[in-house]
Amino acid sequence: MEALLLSRIQFGFVISFHVLFPAFTIGTASWLAFVEWRWLRTRNTGWRDLYFFWQKIFAVSFGMGVVTGIVMAFQFGTNWPRLSEVAGSVIGPLLTYEVLTAFFLEASFLGVMLFGWGRVSPRLHFLSTCMVALGTLFSTFWILSSNSWLHTPAGYALVDGIVQPQDWWQVVFNPSFPYRLAHMTLAAFITTCFVIGGVGAWYLRQGRHVEAGRRMLMAAVGFAALTVPLQVLVGDQHGLNTLEHQPMKIAAVEAHWHDTEPGKGVPLVVFAVPNEQAERNDLEIAIPKLGSLILTHSLDGSFPPLTSVPASERPPVVPVFYAFRVMVGLGTLMLLLAWLSALQWWRGRLLQSQWLLRGWTWMLPSGFVALVAGWFVTEMGRQPWVVHGVLRTADAVGPQSAWMTALSLAIYVVSYMFVFGWGVWYLVKILRSGPAVHAPPPYEDGLHTPARPLSVADEPLEGH
């Protein structure tokens, strides 16, 4: 295995772990803002206890997201120096804008949010929670702008092989950015939504923390019933945009190898075993014309097949093809579960439906799996380009040797097993403990003991 492939595996490994926690904290921060708003409106202690519970989960997830983000950033200089040299004039400023907006905003208010309960007024604390949530969205904006520019570069000129920004408005709002920003933000919210709903359903099935579980499940059902179909519409528009700017990615997603006869349309391949050597699909199950209808909104529409370009210009078909179907399959299950749950809620039978509660519990990790699958489609589908049409991945890798890359990859794997193993264990411990009953805040009883955001319940877990 050469350094190029090992570097790609290493980057894929690191970003697959990293994307989970920022996406989760984006949704969790907004969820905390909603919960604290409900507490301020109702003064119901159940919302306050729920806030402290999810605050612990947010703090741990936020910390792991920061750690993995730093590691990922280092790789631009160590493994992909040519990318930094060619496109650093665009990537660098966009990431700097993230620091100046998102990180500064979060750093200014995160401490107040985590440790200020009872030390500042309720409104100031709520403002701090909202500012942290806004900071996560600013971070999403700049990261997606930078990443989208790699897919659809705009507003630049090449001078001696180096990218020179010409129009920052076109750079930031490049052709794929609005679609990818909406798609990723909704994905982050939906991922968090199914975690919240899954945890609430699990408590209800266990007969513990029933009121907290009811609040979480009801909020998750209502949110998912509205946002999952919206995500389907956004995904459709994102797909049309991708077809316009990266047709080979769509061809790989559909395993569309050859042109079809005029008027016959392109079928939708439900399942197949793509054979890249023979340039065909084995064991194919397809629905005639449906691919054309979805991707061109016409029954006899067509789009470029994989064989319209040389093999060296195609993305890897097998992982892109299967990852897309994992993402869409999970999205379909999410939609069915959300709408069936909303129907039973309307009938007043949701909390008594054991099979729906079990479904929410099983679907708790579904957002994370769909999120990683979507990133596989996006990033692998961009190959063989690291900056589409400008810089090939093979030309962006550094001079590091294969054994050095393999050694660093092994260190990453071992380190992440420890960090993520501890982090996930601690998050599970918090979830198993459940929301604890907290003392009234000091502005109600005159005490001055701040909450401990990283502490779990004091009760032993063995009895649960």
Parallel, tilted or perpendicular for Tyr412 and Tyr416, by the 30°/60° rule?
-> perpendicular

Can you list the residues that meet the salt bridge (charged side-chain N to carboxylate O under 4.0 Å, His left out) rule with Glu85, with sequence neighbours excluded?
-> Arg82

Between Arg325 (side chain) and Val253 (backbone), is there a donor-acceptor pair under 3.5 Å?
-> yes

Can you name the residues that form a salt bridge (charged side-chain N to carboxylate O under 4.0 Å, His left out) with Arg38, not counting sequence neighbours?
-> none

Taking the side chain as every heavy atom from C-beta outward, state whether Thr192 and Ile26 have any atom pair closer than 4.5 Å.
-> no

Is Lys249 reaching over with its side chain to a backbone N or O of Thr378, donor-acceptor style, under 3.5 angstrom?
-> yes

Return the minimal non-hydrogen interatomic distance between Ala187 and Leu371, and the atom names on each side.
-> CB-CD1, 3.7 Å

Report yes or no: does Asn241 contribute a side-chain atom to a donor-acceptor pair with the main-chain N or O of Tyr179 at less than 3.5 Å?
-> no

Are Phe189 and Trp31 an aromatic pair by the rule of ring centers under 6.0 Å?
-> no

Taking Gln344 for its side chain and Arg349 for its backbone only, find out whether a donor-acceptor pair lies under 3.5 Å.
-> no

Do side-chain atoms of Thr129 reach the backbone of Met113 as a donor and acceptor pair under 3.5 angstrom?
-> no

Kindly write out the residues that satisfy side chain to side chain donor-acceptor pair (under 3.5 Å) with Gln354, not counting sequence neighbours, or none if the list is empty.
-> none

Option from Pro305, Ser308, Pro304 for which side chain to side chain contact (heavy atoms under 4.5 Å, CB included) with Asp259 holds = Pro305

Is the CH2 atom of Trp339 crowded by more than 12 outside heavy atoms at less than 6.0 Å?
-> no

Residues that Arg280 engages under salt bridge (charged side-chain N to carboxylate O under 4.0 Å, His left out), provided they are two or more places apart | Asp282

Residue list, ring-ring contact (aromatic ring centres under 6.0 Å, His included) with His238, at least two apart or on another chain | His183

Separation between CH2 (Trp169) and CG (Asn174), nearest 0.5 Å, reads 12.5 Å

Give the ring-plane orientation class for Phe177 versus Phe173, where under 30° counts as parallel, over 60° as perpendicular and anything between as tilted.
-> perpendicular

Are the ring centres of Phe24 and Phe368 closer than 6.0 Å?
-> yes

Donor-acceptor contact below 3.5 Å, side chain Ser61 vs main chain Phe58 = no

Check whether any side-chain heavy atom of Tyr322 lies under 4.5 Å from a side-chain heavy atom of Val273, and answer yes or no.
-> yes

By salt bridge (charged side-chain N to carboxylate O under 4.0 Å, His left out) - contacts of Glu284 (at least two apart) | none

Taking the six-membered ring for Trp and the single ring otherwise, decide whether the centroids of Phe21 and Phe420 are under 6.0 Å apart.
-> yes

Between Gln400 and Thr78, is any side-chain donor less than 3.5 angstrom from a side-chain acceptor?
-> no

